[in-house]
Amino acid sequence: MLIDNNKIKEVGPPQQVQAHLAADVKIIDLGNATLLPGLIDSHTHLFLDIIVPPELEQQRHNNGLFAPGMLLAVIESPSKRVLMGAQSAREDLESGITTVRNLGHSGIDGDTELRDAINAGRVAGPRILASGRKLITRGDYVQNLNPALADAILQQEFLLIDGTDRARQAVRQNEFQNVDVIKVAADVNLTVAELTAVTEEAHRQHLKVAVHAPDKISIQTAIDARADSIEHGNEATDAQLKQMRDKGIFLCLTPTFNDGFYLKITEPSIVISPASRAAAVDRNKRRKQDYDQLVQRVVKSGVKFTTGSDMCWFHPGKTRGQASAEILVKLRDAGVAPLDVIRSITTNAAEMLGWQDRNGAVEPGKFADLVAVAGDPVADITELERVQFVMKDGHVIKNELGAH
Ligand SMILES: [Zn+2]
């Protein structure tokens, strides 16, 4: 392969490409490694670093969706949060994630500023599609917070949808921050008219709309309002999957909590009672069964899907990139063919982002965002947890494949 500046210029057998190289071309020999396009995490939260608090705190100080760990992560100093976001971005890149779609919880402008800083070469990180503030309804995140404080937190983290005019206004406010995508958290309070106002306004500005929709009602609202992607989609029925396929709506799968993830992030740092541990194991088993079933129905339905880590947790002993890459094996274990798992974080993801002309494939004209693994990721998808070589924008970020 020949790379010119930050783009792939030519792909072919080494002899063919080498036959017409200029004398000063730098050669990188990756030996028998498997080369892939840079990985795309299509749902992440670089600016959240949630530490699950002890049980009593969770039980006695719970504020609905603002569980104590989430609340503490959100009310950090914005500067500290941005620096932690920059660390997560660098760690993602070092694990081969060369593009992320960051879907909310970045404060007012953390993600757009980090995106610009990375693009300007000030800090290392993946290409970022930034959503800015997440659009929510009044009933969603803030309902259990102290009203005297709720509005301040709301202003920092969210834009409120309350009627179609406010919905359009919220999209425009994000446009003012120069976002790349609009993120909406749908719940039963969100009407089709409100969400349609969002998608119309966003599409007018050529922005795609990603809708958090775990339950049947929200999923239907997202379908009817012509969202571009549905995030999570846990309760999608076969009929809804068919509608999504027919309308070209992507499903972003996030099997984050399958496979004992909760205990992995809690047990190293807090004491868990035997009863609570047993409940977690049981919950995990049911969640995995349900999600694996969903994944199998998704594969059968023909709906286009991508994979998102939804990573927003501090994972003891792992970098953010390592924690995020662990999600892939869960899809394989749920019955997705390894090549389709790879497509879900490369070609399919690029298409969902609207970036199919710039990344997601090893093809002439695409950005030189590449990763290499020592073995065969089709035979063993966990190879992608051990990316040995990373290039972004034509620059080598990491090369552990030996000196060449
Ligand atoms: Zn999320």
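As the structure lists them, so they are numbered: ligands from 1, and atoms in each ligand from 1. In what follows, residues are counted from 1 in the order of the sequence shown.
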Subject >> Metal site the Zn ion (ligand 1): N/O/S of H43 inside 2.8 Å >> reply: yes
Original post:
Which one of V362, N359, L2 satisfies the side-chain contact (heavy atoms from CB on, under 4.5 Å) criterion with I8?
Top reply: V362
Original post:
H45: which N/O/S atom is nearest the Zn ion (ligand 1)?
Top reply: NE2
Original post:
Is the side chain of T346 donor-acceptor paired with the backbone N or O of A361 at a distance under 3.5 Å, no angle test?
Top reply: no
Original post:
After noting the C-alpha distance and the side-chain angles of R127 and D393, does the key distance pass the side chain to side chain contact (heavy atoms under 4.5 Å, CB included) rule?
Top reply: CA-CA 9 Å; R127 297 177 197 284; D393 223 25; 2.9 Å; yes
Original post:
Closer than 2.8 Å to the Zn ion (ligand 1), do we get an N, O or S atom from D310, backbone or side chain?
Top reply: yes
Original post:
Just checking, any donor-acceptor pair under 3.5 angstrom between side chains of Q173 and Q177?
Top reply: no
